[in-house]
Engineer: 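Below you'll find the structure I mean.
To find a chain, count down the sequence lines: A is the first, B the second, and so on, and within it residues start at 1.
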Amino acid sequence: MTVFEELQRRGLLAQLTDEEEIKELINAGKATFYIGFDPTADSLHVGHFMALCLMKRLQMAGNKPIVLLGGGTGMIGDPSGKSDMRKMMTRETIDHNVECFKKQMSRFIDFSDGKAIAVNNADWLLDLNYVDMLREIGVYFSVNKMLSFECYKQRWEKGLTFFEFNYMIMQSYDFYKLFTDYGCNMQFGGDDQWANMLGGTELIRKKLGKDAYAMTITLLLNSEGKKMGKTEKGAVWLDPEKTSPYEFFQYWRNVADADVIKCLKMLTFVPIEEIEEMEKHMEGAEFNKAKELLAYELTALVHGEEEAKKALDTAKAVFGGAGSSENMPTTAIPADKLTDGAINILDLMVECGLVPTKSEARRNVQQGGVSVNNEKVTDPKAMITLDGETILKKGKKVFHKVTLG
RNA sequence: GGGAGUGUCGCAUAGUGGCAAUUGCACCUGACUGUAAAUCAGGGGGCUUCGGUCUGCGCUGGUUCGAGUCCAGCCACUCCCA
């Protein structure tokens with residue numbers, strides 16, 4: 001099976017500028033392509049992960065990836081598909097984030113022996129001269145056309161500043177720059193980047209009279225049309241400090257039935273034939289097996305086999321009664337929080353970070369959603385005696401181990 | 001620069017001068033389940049010795065016994081004119 005076919009069967013391909021040409025190039029392993037990552041936070045998230053997987057697949061097929069870190073574009077912020085303007089980040093924050101990105105990426109992409117390279121567009125964007133830029137690049141962009149782009153639509157209500165409007169030009173310039181300096185003839189990215197990417201191919205055509213290609217991958221949406229990899233509390237991060245491997249595992253273990261197969265196809269390296277086979281008989285308990293596979297595979301890819309096993313064990317211990325509780329998220333309560341070796345249930349929950357406030361804890365307790373060592377606690381005044389390990393449970397799925405510290 | 005408007009819980013929306021403040025979505029808890037979906041029931045600022053108490057409707061002041069609600073100034077955004 002060719003890479004292209006694989007990508008297609010996994011449902012990863014969204015839009016392509018020239019299907020035949022792209023197919024040929026990437027199947028032959030002759031493409032030099034880039035994907036841009038703007039350092040908007042100090043950790044990558046699932047969307048980045050998909051892009052990195054795409055890179056890896058293409059790299060395995062012999063193509064050469066360029067990781068473009070958006071140290072320069074991050075100074076602006078991409079308005080595409082956003083309803084609000086991003087907070088402007090300081091130079092320091094951006095540099096810090098770039099470093100975090102680099103560190104995480106080396107897990108997924110092989111940069112040894114020039115098999116892949118990483119560049120930072122701060123190196124060329126920050127020194128641009130305004131007037132020169134306008135004369136050399138600005139002339140190729142039609143404002144009329146840009147205004148008609150779908151990706152700005154959400155901005156019509158809230159407004160779009162000239163500042164952000166320039167983002168597209170920056171990104172187009174990146175592609176142009178990489179094309180001339182590195183022979184990079186393809187740009188890939190999320191489907192929300194389509195307009196920005198076309199800006200680049202057109203700039204290259206207009207300015208150099210040469211062809212470059214762009215391809216987007218499907219955004220991972222759940223069956224309700226929302227972006228996956230987000231929780232109410234924010235993104236699901238790849239950084240174990242920000243989203244623990246167990247939480248990460250649980251997120252995928254809990255996806256809706258309707259989304260499992262899609263996620264397996266798009267996010268894992270489980271052979272496509274296997275997934276297609278599973279798809280044929282999905283009902284009842286099969287869904288749980290599939291979800292477990294998804295969660296395990298993904299956790300293993302992101303955090304390593306060992307962490308994946310631990311998460312799986314913990315999940316089994318907690319939900320199935322087998323296995324051990326040793327890898328459960330744990331909080332050690334310092335002795336000075338205790339009176340006579342006990343602590344109030346509400347305080348305990350807050351200490352463990354299970355709830356943001358005591359009122360919230362009280363509500364949970366009163367509604368019967370809290371148990372300690374498997375015994376329901378309904379009195380908000382209850383004092384919990386801590387000795388050794390105590391298992392705290394909030395709601396149906398949140399388990400937490402408490403130890404003495 | 002001129003004119004018209006808007007700014008209330010994560011988003012969206014209601015609010016005659018006496019409200020911790022309406023409704024929808026999302027969210028949280030319970031029941032049923034498969035750690036799913038759908039459905040049904042409950043919850044909603046913080047702290048509380050459960051008597052209260054503090055904070056709160058863009059920001060700052062003012063009028064008033066009392067202001068999300070009236071007045072002034074400021075800020076942000078939207079629309080029209082330049």
Engineer: By nearest atom, which of the nucleotides B:C47, B:U35, B:U29 is closest to the A:A315 side chain?
Structural biologist: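 Of all the options, the side chain of A:A315 is nearest to B:U35.
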Engineer: Could you pull out the closest heavy-atom pair between A:C151 and A:A195, with the gap in Å?
Structural biologist: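 Looks like SG-CB, 3.8 Å.
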Engineer: Tell me if the CZ atom of A:F111 is crowded by more than 12 foreign heavy atoms within 6.0 Å.
Structural biologist: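 Atom CZ in A:F111 is packed in, count exceeds 12.
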Engineer: Taking only the side-chain heavy atoms of A:K376 (C-beta and beyond), determine which of B:U48, B:G45, B:A31 contains the nearest atom.
Structural biologist: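 Among B:U48, B:G45, B:A31, the one nearest the side chain of A:K376 is B:A31.
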Engineer: I want to confirm an ordering. Mapping A:D347 and A:F287 to their closest nucleotides on RNA chain B, which one lands closer to the 5' end?
Structural biologist: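 Nearer the 5' end of the strand: A:F287.
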Engineer: Does B:G17 pair with anything, Watson-Crick or G-U wobble, both distances under 3.5 Å, and if so, with which nucleotide?
Structural biologist: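 Across all strands, not a single nucleotide pairs with B:G17.
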Engineer: Report the distance from atom NZ of A:K396 to atom P of B:U29, rounded to the nearest whole Å.
Structural biologist: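 Distance check: A:K396 NZ to B:U29 P gives 9 Å.
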Engineer: Examine A:F33 together with A:Y213 and report whether their ring centres are nearer than 6.0 Å.
Structural biologist: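 No.
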Engineer: Quick one: look up who B:G34 pairs with, Watson-Crick or G-U, both distances under 3.5 Å, and put none if it's unpaired.
Structural biologist: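 Result: none.
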Engineer: Is there a Watson-Crick or G-U wobble partner for B:U64 with both distances under 3.5 Å, and which nucleotide is it?
Structural biologist: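 B:U64 is paired with nothing.
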Engineer: Where each residue is assigned the nucleotide of RNA chain B containing its nearest heavy atom, which of A:G368 and A:L346 is assigned the position nearer the 5′ end?
Structural biologist: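 Comparing both residues, the 5'-ward one is A:G368.
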Engineer: Say you pick atom P in B:U35 and the same atom in B:C40; how far apart are they, in whole Å?
Structural biologist: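 Each nucleotide's P atom is 22 Å from the other's.
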Engineer: Write down the distance between CG (A:N288) and C1' (B:U33), rounded to a whole number of angstrom.
Structural biologist: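 These atoms are roughly 11 Å apart.
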Engineer: Would you classify B:G51 as syn or anti? Syn applies when the glycosidic angle is within 90° of 0.
Structural biologist: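 B:G51: syn glycosidic orientation.
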Engineer: Please give, in whole Å, the distance from B:C25 P to A:K226 NZ?
Structural biologist: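 Taking NZ of A:K226 and P of B:C25, I get 12 Å after rounding.
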Engineer: Quick one: does A:Q367 reach the base of B:G43 with a side-chain donor-acceptor pair under 3.5 Å?
Structural biologist: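 No, the side chain and the base share no sub-3.5 Å donor-acceptor pair.
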Engineer: Separation of A:Y246 atom OH from B:U35 atom P, in whole Å?
Structural biologist: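 My rounded result for the distance is 13 Å.
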Engineer: Report the base-pairing partner of B:A76 (Watson-Crick or G-U wobble, both distances below 3.5 angstrom), or none.
Structural biologist: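 Across any shown strand, B:A76 pairs with B:U6.
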Engineer: Applying a 4.0 Å non-hydrogen cut-off, can you work out what A:A285 is touching in the nucleic acid: base, sugar-phosphate, or nothing?
Structural biologist: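 Since no nucleic acid heavy atom lies under 4.0 Å of A:A285, the category is nothing.
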Engineer: State which of B:U35, B:U48, B:G46 makes the closest approach to the side chain of A:K358.
Structural biologist: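 Ranking B:U35, B:U48, B:G46 by closest atom to the A:K358 side chain puts B:U48 first.
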Engineer: P atom, B:U22 versus B:G18: distance in rounded Å?
Structural biologist: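 Result for the P pair: 15 Å, nearest Å.
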Engineer: Please report the closest heavy-atom contact between A:P380 and A:Q366, naming both atoms and the distance.
Structural biologist: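 Shortest heavy-atom contact: CG-NE2, 3.8 Å.
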Engineer: Could you check which of B:U29, B:G34, B:U48 has an atom nearest any side-chain atom of A:K291?
Structural biologist: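 Selected nucleotide: B:G34.
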Engineer: If you check every side-chain atom of A:R363, which of B:U33, B:C47, B:G45 has the closest atom?
Structural biologist: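 Out of B:U33, B:C47, B:G45, the nucleotide with an atom closest to A:R363's side chain is B:G45.
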Engineer: Check the distance between B:U35's P and A:L294's CG and give it to me in whole angstrom.
Structural biologist: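 From A:L294 CG to B:U35 P: 17 Å.
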Engineer: Quick one: which of B:A26, B:U35, B:U48 gets closest to the side chain of A:R362?
Structural biologist: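 Output: B:U48.
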Engineer: Are A:S112 and A:D110 linked by a side-chain donor-acceptor pair shorter than 3.5 Å?
Structural biologist: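 The criterion, which ignores hydrogens and geometry beyond distance, is satisfied for A:D110 and A:S112.
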Engineer: Could you check which nucleotide pairs with B:G24 in any of the strands shown, counting Watson-Crick or G-U wobble with both distances under 3.5 Å?
Structural biologist: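 Base partner found: B:C11.
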Engineer: How far, in whole Å, is B:C75 from B:G66 if one measures between their C1' atoms?
Structural biologist: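 Taking atom C1' in both B:G66 and B:C75, they lie 28 Å apart.
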Engineer: Show, in sequence, the C-alpha distance, side-chain angles and deciding distance for A:T73 and A:Q171, and conclude whether the side-chain hydrogen bond (donor to acceptor under 3.5 Å, both in side chains) test is met.
Structural biologist: CA-CA 7 Å; A:T73 32; A:Q171 186 168 331; over 6 Å; no
Engineer: Select one nucleotide: of B:C47, B:G34, B:U29, the one nearest the side-chain heavy atoms of A:N364.
Structural biologist: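 The listed nucleotide nearest to A:N364's side chain is B:U29.
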Engineer: Using the C1' atom on both, measure B:C32 against B:A41 and round to a whole Å.
Structural biologist: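 My reading of the C1' atoms in B:C32 and B:A41 gives 12 Å.
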Engineer: To the nearest Å, give me how far apart CD (A:E360) and C1' (B:C47) are.
Structural biologist: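 Interatomic distance, CD of A:E360 to C1' of B:C47: 15 Å.
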Engineer: When rounded to the nearest Å, what value does the distance between P atoms of B:G51 and B:C57 take?
Structural biologist: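 After rounding to an integer number of Å, I get 29 Å for this pair.
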Engineer: In whole angstrom, give the distance that lies between atom CD1 of A:I261 and atom C1' of B:A37.
Structural biologist: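 After rounding, the gap between these two atoms is 16 Å.
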Engineer: For A:K397 and B:G34, give me the distance from atom NZ to atom C1', rounded to whole Å.
Structural biologist: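 One finds 11 Å between C1' of B:G34 and NZ of A:K397, rounded.
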Engineer: Which heavy atom of A:A290 sits nearest a heavy atom of A:M282, and at what distance?
Structural biologist: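 A:A290 and A:M282 have their closest heavy atoms at CB-CE, 3.6 Å.
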Engineer: Sticking with atom P, work out how far B:C9 lies from B:G46, rounded to a whole angstrom.
Structural biologist: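 Each nucleotide's P atom is 15 Å from the other's.
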Engineer: With rounding to whole Å, what would you report as the distance between B:A12 and B:A26 at their P atoms?
Structural biologist: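 Their P atoms lie roughly 16 Å apart.
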Engineer: Can you tell me the base-pairing partner of B:U53? Count Watson-Crick or G-U wobble geometry only, both distances below 3.5 Å, and say none if there is no partner.
Structural biologist: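 B:G46 - that is the nucleotide pairing with B:U53, both distances being under 3.5 Å.
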Engineer: Quick one: does A:D257 reach the base of B:G34 with a side-chain donor-acceptor pair under 3.5 Å?
Structural biologist: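 Present.
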Engineer: Going by the angle between their ring planes, with limits at 30° and 60°, are A:F37 and A:H48 parallel, tilted or perpendicular?
Structural biologist: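 Rings of A:F37 and A:H48: tilted, as their planes differ by 30° to 60°.
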Engineer: Taking atom P in both B:G15 and B:A82, compute the distance separating them and give it to the nearest angstrom.
Structural biologist: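 Pairwise P distance, B:G15 against B:A82, rounds to 35 Å.
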